There are 2 protein chains.
Amino acid sequence: MVTIRDIASLAGVSRTTVSRVLNGSGYVSEQARKRVMEVIEETGYVPSEQAKALRTKKSNVIGVILPKISTETASRVADGIDTVLNREGYQMILANAKLKVEKEIEQLKLLESRRVDGIILLATNKEDRLLKAIESLSVPVVALGQDLPSISSVIYDDYHAAREMTEAILKKGRNRIGFIGVYESDHAVGVLRKQGYLDALEAEGKTPEEGWIQKGDFTAESGYRAMKSIWESADRKPDAVFAVTDRLAVGALEYLRAIGVKTPEETAVAGIGNSEISKYVTPSLSTVDYNNEEAGMRTAELLLERLNSSGENREKIVMGYRLLIRDSLR
Amino acid sequence: MVTIRDIASLAGVSRTTVSRVLNGSGYVSEQARKRVMEVIEETGYVPSEQAKALRTKKSNVIGVILPKISTETASRVADGIDTVLNREGYQMILANAKLKVEKEIEQLKLLESRRVDGIILLATNKEDRLLKAIESLSVPVVALGQDLPSISSVIYDDYHAAREMTEAILKKGRNRIGFIGVYESDHAVGVLRKQGYLDALEAEGKTPEEGWIQKGDFTAESGYRAMKSIWESADRKPDAVFAVTDRLAVGALEYLRAIGVKTPEETAVAGIGNSEISKYVTPSLSTVDYNNEEAGMRTAELLLERLNSSGENREKIVMGYRLLIRDSLR
DNA sequence: ACATCATGTGGAATCGATTCCATAATGATG
DNA sequence: CATCATTATGGAATCGATTCCACATGATGT
């Protein structure tokens with residue numbers, strides 16, 4: 001691999017001069033510049049960002065930790081992040097947390113060892129050891145999806161989104177609303193969305209019946225099972241079900257269809273996420289659009305600002321959302 | 001940021017010794033090892049992979065160029081790649097080609113300047129300037145999705161998949177099969193899948209009618225429009241339509257539903273890709289499962305083998321596929 | 001005529017690791 | 001007791017860039 005040294009000797013100048021040409025800094029005669037450019041052209045020389053980063057202490061690489069790579073939300077967010085990073089001359093190194101806290105921490109350390117300039121964490125929990133790990137890092141971290149104390153974050157308005165969707169269901173005259181949630185270690189999805197649902201009901205003086213509230217694990221199959229549990233355990237069958245993600249909702253739809261319950265006539269269904277499926281299932285699924293791409297962009301911008309300002313100020317951005325009422329809720 | 005120098009002086013040894021402890025190489029007394037480990041623990045020292053890479057000429061980073069980040073196929077493949085890379089101690093730097101050849105070439109150069117150990121290219125074309133760019137690179141490249149001459153690649157069996165699906169449609173007694181393809185710069189999807197379709201028909205002595213063959217651009221909307229064109233321009237309406245991707249097929253389904261044509265009774269529909277949507281649309285879509293994750297894994301393995309063997313042998317792996325006949329074809 | 005300044009160039013240190021080589025102490029071998 | 005292998009350690013070069021500083025040249029100003 002050809003280096004700056006080779007270019008220098010081939011062009012008959014010093015490495016210093018080559019570096020000046022490369023960076024357009026300092027004084028270089030037109031003659032020297034031309035010679036150097038020619039040699040670079042001939043040899044196909046590409047300067048090592050590696051060596052440059054070592055010297056300048058800036059890698060122009062940002063680490064992105066995803067809870068799972070192959071997921072619609074993650075890839076939309078990654079797309080948004082990439083848009084901003086690419087525009088600003090950064091590259092993105094991807095890390096997979098596989099939905100495990102230990103792995104999340106491990107990846108933080110790994111990215112630090114790579115000397116990335118910053119890290120974006122798509123967070124799925126707020127566990128103490130995670131916060132500690134972030135604290136002890138010497139690389140700036142911003143989070144997306146969970147409100148992590150002590151660092152800047154971009155979060156969705158999970159509480160209000162869930163509450164508004166529940167209110168929308170109530171407004172359609174549905175009173176017996178079931179709920180499919182997830183484990184509560186995921187604070188945003190597991191706790192806040194559930195609270196929004198509960199509060200909307202309570203504001204109307206309604207209490208969910210025993211058995212109407214079930215949990216899944218983000219898969220459509222678990223949504224199916226949760227719906228089944230609701231159906232089989234409830235005294236009065238719900239006339240609507242609100243699931244905290246589209247996948248769960250799609251599973252619920254499947255179950256209802258399997259046992260011959262008509263949607264939305266007998267039981268309406270709603271989810272969150274505006275996944276591609278939600279548009280194409282029958283009936284099309286009512287859901288909340290979170291605009292993940294925009295969220296990714298905002299997060300990247302937040303991180304870059306932080307890098308350039310060197311200030312320690314913590315910032316919190318709450319994303320807006322949009323209710324999409326489709327055929328599954330009438 | 002604490003460096004190996006700090007550790008050395010704090011532990012009262014030389015950098016050499018610290019390096020030996022870090023890498024478990026050479027002779028180190030138990031005493032010295034303990035001192036060093038203690039200091040590392042206290043300071044939270046993390047060695048710079050950057051510096052290490054510069055010296056050892058091995059970054060343990062692989063570049064992955066995707067045609068588009070936010071796409072089901074790409075993220076499944078990326079997942080597979082990550083599985084292997086992670087297992088073997090590599091990290092993945094993502095690059096977005098935005099479906100443009102120039103951008104693909106630009107990203108190749110950028111990854112080379114980062115001194116990645118190797119590059120995986122999810123290829124969408126076989127243009128000459130791309131091949132030239134790869135040729136002039138001093139980093140090993142393997143391709144996925146297109147059979148690029150001169151480098152190793154993992155490819156899907158597009159021709160036979162398309163042919164078999166077409167034959168499956170014929171076997172159901174459908175004779176007037178429309179086709180929705182894409183531009184031919186994408187050789188795998190645009191040329192090979194179309195050829196499979198044509199050859200299957202020809203083997204049965206059938207010729208597609210004028211207007212039955214249309215093109216889209218990978219979006220569901222374009223599938224809708226293509227179906228419309230087929231319907232409006234054909235003298236005899238097709239009793240089946242084969243689209244080269246699921247998205248196109250979903251668009252076609254939409255159009256048929258919009259004009260009140262029953263699927264599959266009047267007109268059957270099939271796609272390729274086994275996308276998540278294909279399972280949940282109504283009627284569920286017949287499609288071909290390409291097992292993208294496995295393809296990603298094989299590609300990563302191919303690249304790593306190449307890195308370790310230092311041989312120049314070109315290899316070509318053809319992935320298998322599985323026909324999934326679902327409700328949209330009866 | 002001489003200080004001053006703009007322009008042009010290169011030597012050498014530096015970033016943070018690894019690794020070759022020299023050196024020293026210790027114990028075993030004949 | 002000389003010789004030699006084994007164990008242990010550190011000095012210094014190296015990877016490929018940037019950057020500080022010294023120095024040279026020629027033009028300009030007074």
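Chain A is the first sequence line, chain B the second, and so forth, proteins listed ahead of strands; every chain is numbered from 1. This structure is a prediction, so every number in the text was calculated from the model and none was measured.
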Is B/R35 paired with B/E38 through a side-chain N to carboxylate O contact shorter than 4.0 Å? yes
Could you grab the distance from atom CG of B/L66 to atom CG of B/L122, nearest 0.5 Å is fine? 5.0 Å
Any donor-acceptor N/O pair under 3.5 Å between D/dG11 base and B/T16 side chain: yes
Where does the angle between the aromatic ring planes of A/Y156 and A/Y290 fall among parallel (under 30°), tilted (30 to 60°) and perpendicular (over 60°)? parallel
Find the distance B/I4:CD1 to C/dA17:C1' and express it as a whole number of Å. 6 Å
Quick one: label B/A32 by what it contacts on the DNA or RNA (base, sugar-phosphate, nothing), any heavy atom closer than 4.0 Å. sugar-phosphate
Other residues, nucleotides, ligands: >12 heavy atoms within 6.0 Å of A/R314 CZ: yes
Atom CD of A/Q50 to atom P of D/dA17: distance rounded to whole Å? 10 Å
Nearest of D/dT18, C/dT18, C/dC15 to any side-chain atom of B/S19? C/dT18
Separation of D/dG16 C1' from B/K52 NZ (nearest whole Å): 19 Å
Would you state whether a donor and an acceptor, one from the side chain of A/R20 and one from the base of C/dG10, lie under 3.5 Å apart? yes
Is A/Y27 near enough to C/dT7 that one of its side-chain N or O atoms lies under 4.0 angstrom from OP1 or OP2? yes
Step through the shown structure and confirm whether more than 12 heavy atoms of other residues, nucleotides or ligands are within 6.0 Å of CE on A/M37. no
From CZ of A/R5 over to P of C/dG10, roughly how many Å is that when rounded to an integer? 14 Å
Considering every strand and a 4.0 Å limit on heavy-atom distances, what is the contact class for B/V18: base, sugar-phosphate, or nothing? nothing
Distance-only donor-acceptor test (3.5 Å): side chain A/S29, base C/dT7: no
Below 4.0 angstrom from OP1 or OP2 of C/dT9, is there any side-chain N or O of A/S14? no
Please report, rounded to the nearest Å, how far the C1' atom of D/dT18 is from the CD1 atom of A/I7. 16 Å
For B/R15 and D/dT14, what is the distance between atoms CZ and P respectively, to the nearest whole Å? 14 Å
Contact class for B/V13 (heavy atom, under 4.0 Å): base, sugar-phosphate, or nothing? sugar-phosphate
Under 6.0 Å from the NZ atom of B/K58, do we count more than 12 heavy atoms belonging to anything else shown? yes
Would you kindly compare B/R115 and B/V28 by the position of their nearest DNA chain D nucleotide and give the one closer to the 5′ end? B/V28
Salt bridge present between B/E112 and B/K109 (N-O < 4.0 angstrom): no
Rounded to whole Å, the CG-P distance (A/L22 to D/dG16) equals 15 Å
Could you tell me whether the phosphate oxygens of D/dT14, OP1 or OP2, come under 4.0 Å of any side-chain nitrogen or oxygen in B/K57? no
Of B/E30 and B/L54, the one whose closest nucleotide on DNA chain D sits nearer the 5' end is B/E30
Among A/N96, A/L99, A/I134, A/L130, find the one that has a side-chain contact (heavy atoms from CB on, under 4.5 Å) with A/E104. A/L130
Could you work out how much the helix from C/dA1-D/dT30 to C/dG30-D/dC1 bends, comparing the axis of its first five pairs with that of its last five, to 10°? 60°
Could you tell me how far apart B/Y45 (OH) and C/dG16 (C1') are, to the nearest whole angstrom? 7 Å
